[in-house]
Structures are given as C-alpha cells and as structure tokens.
Amino acid sequence: MARYEQIAGDLRDAIIRGDYPIGAQLPSEAELAARFSAARGTVRQAVAVLVAEGLVGSRQGARRIVLGSERSQSFAELHSFAQWARSMGYRASGVVLASQRRPATSSEAVRLAVAPGDEVLSVLRLRRLDGEPVLIERTVYAGWIAPAVEKLDPSCESVTQELYESVGLVFAYGEHLIDAVAAGAEEARLLGVRRGSPLLRQRRTTTTQEGRPVECSDDRYRAGSVTFSIRNSTSANSLVRRAAE
C-alpha cells in the first residue's frame, strides 16, 4: 500500500470514529506532514483521497472541513475507479483492449490544449468489479504523458496510482459531464448487455495541479453498476446543470 493511502486510511478512521466531527477542520498540511513524518505532497494526495470520497471539503486555500462520516463515490473521485472500488470493498480489475498513437481530433485538441493533429495516445479499457464487466473507458492521453502510460502493465489495477508511483503525476482537477446513452454493438458485447440498453456516460477531462491537461475520456457504465453522489454547501457547489450536447 502506498504511503498516501496509509495516511488517508488513518485520517478516514479518525473521521469515522468522530475524532473530527462534521464541520470540524482537519489539521493543516504542515501539521499532518509532521504528524505522519511525510512530505507535504504525500499528505496532499492523502487528503485528496478523502475529498474524493466526500468525507472532507474540496475548497482550496483553507483548511479542509469535514463533511461526513460515510464513504461515497463523489464527482471529485471519478478519475480513480480502482481506488473507489477498493474503498467500497470491491475487487477491481481491468485490461487494455487496444492502444495506439494517432493524431488528435479537433475536439480532443481543445480538451487537451494541443494543436489538432498533434500525437496523442488512445486507449480502450474494460473494467470489472468482482469479475463482472461494468465499465468501458475510451481514454485519450496528451503526448507528454503517453510514454509513461505505455510502460504500464496492461492489466494494472489503477492507472492513477501507477502514474503517481512511476512519474509522480497527481491527477488534481477534473471536469465531468454525465448523461445517458444507448449501448452500441461493441459496448453490448463487452458489457454483456443488449444493444440499445441504457448506459451511464461520463465524459471527463483531468489536469495536473498546475492545470495542464493529462487526459480526456468517454467512460460508459453498465446500468445499475454504480451511483454517483454530490455534496453541496452555500459556499461551494460542484454541480452545474447543462443542456445535453
């Protein structure tokens, strides 16, 4: 288990025990780094796990506020399917079905902040929970991170964690669009559903802490396999209602 996961586990247990009640502030990054004898970057990623689980607030520039004592899959965590699965007690697995370098389309170029035609890495993955196929990921990586992605084991459980451990990449921010679509022939075959069955689609673009785009993806979940939650407050609301595109 990575060091940041150990720290996140200790903090999660403390929140669930009530050491930090709802509305309380977590210690600062500096205080947590001293307590756990860890680098501030490691502490920051540990806290990001708790943000992803909806346990603490995601507001920047202030100490994190405890929001709840139950784990859920929040919008902040959507880029880390495997980490969410482990936190909920599921066994996550996956396999790369196709991977190729190709020129970026015009829409991919906008999302990845590159020029149309620049080389990107396109990856098709099938994800499973407890052996059952639940998710098809069509991910396009910016050219600068493509070599690191290509070095990963095609069956690695968590791309997010592997990239952090191999090159220190932290997936910090994401934009997510959620809608429903009908399963095509390929999706029906891979997910074991009928063609035309409803799928939950999540389109995401993920960036580094500096705002540099890393990936954009079209993820399609089998109906009934996951649910998503949102936590709102008067000071921050991550949900924006938009017309379907």
Under 4.5 Å side-chain heavy-atom separation, chaining through any Ile, Leu, Val, Met, Phe, Trp or Tyr, what else clusters with Leu199? Say none if it is isolated.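 Besides Leu199, the cluster holds Val95, Leu97, Leu124, Leu126, Ile136, Val181, Leu190, Leu191, Val193.
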
Report the residues that fulfil side chain to side chain contact (heavy atoms under 4.5 Å, CB included) with Ala14, sequence neighbours left out, ordered by chain and then residue number.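 Side chain to side chain contact (heavy atoms under 4.5 Å, CB included) list for Ala14, sorted by chain: Arg17, Asp19, Tyr20.
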
Check side chain to side chain contact (heavy atoms under 4.5 Å, CB included) between Ala185 and all other residues, then give those that pass, not counting sequence neighbours.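 If we apply the side chain to side chain contact (heavy atoms under 4.5 Å, CB included) test to Ala185, skipping adjacent residues, the hits are Arg195.
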
Residues in salt bridge (charged side-chain N to carboxylate O under 4.0 Å, His left out) with [X], at least two apart?
{"X": "Arg111", "answer": "none"}
{"X": "Arg35", "answer": "none"}
{"X": "Glu165", "answer": "none"}
{"X": "Arg222", "answer": "none"}

How would you list, by chain and number, every residue that makes a side chain to side chain donor-acceptor pair (under 3.5 Å) with [X], sequence neighbours excluded?
{"X": "Glu132", "answer": "none"}
{"X": "Glu5", "answer": "Arg86"}
{"X": "Asp153", "answer": "Ser155"}
{"X": "Ser166", "answer": "none"}

Taking ring pair (Phe, Tyr, Trp, His ring centres under 6.0 Å) as the test, write out the residues that go with Tyr141, two or more places apart.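 Residues passing ring pair (Phe, Tyr, Trp, His ring centres under 6.0 Å) with Tyr141: none at all.
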
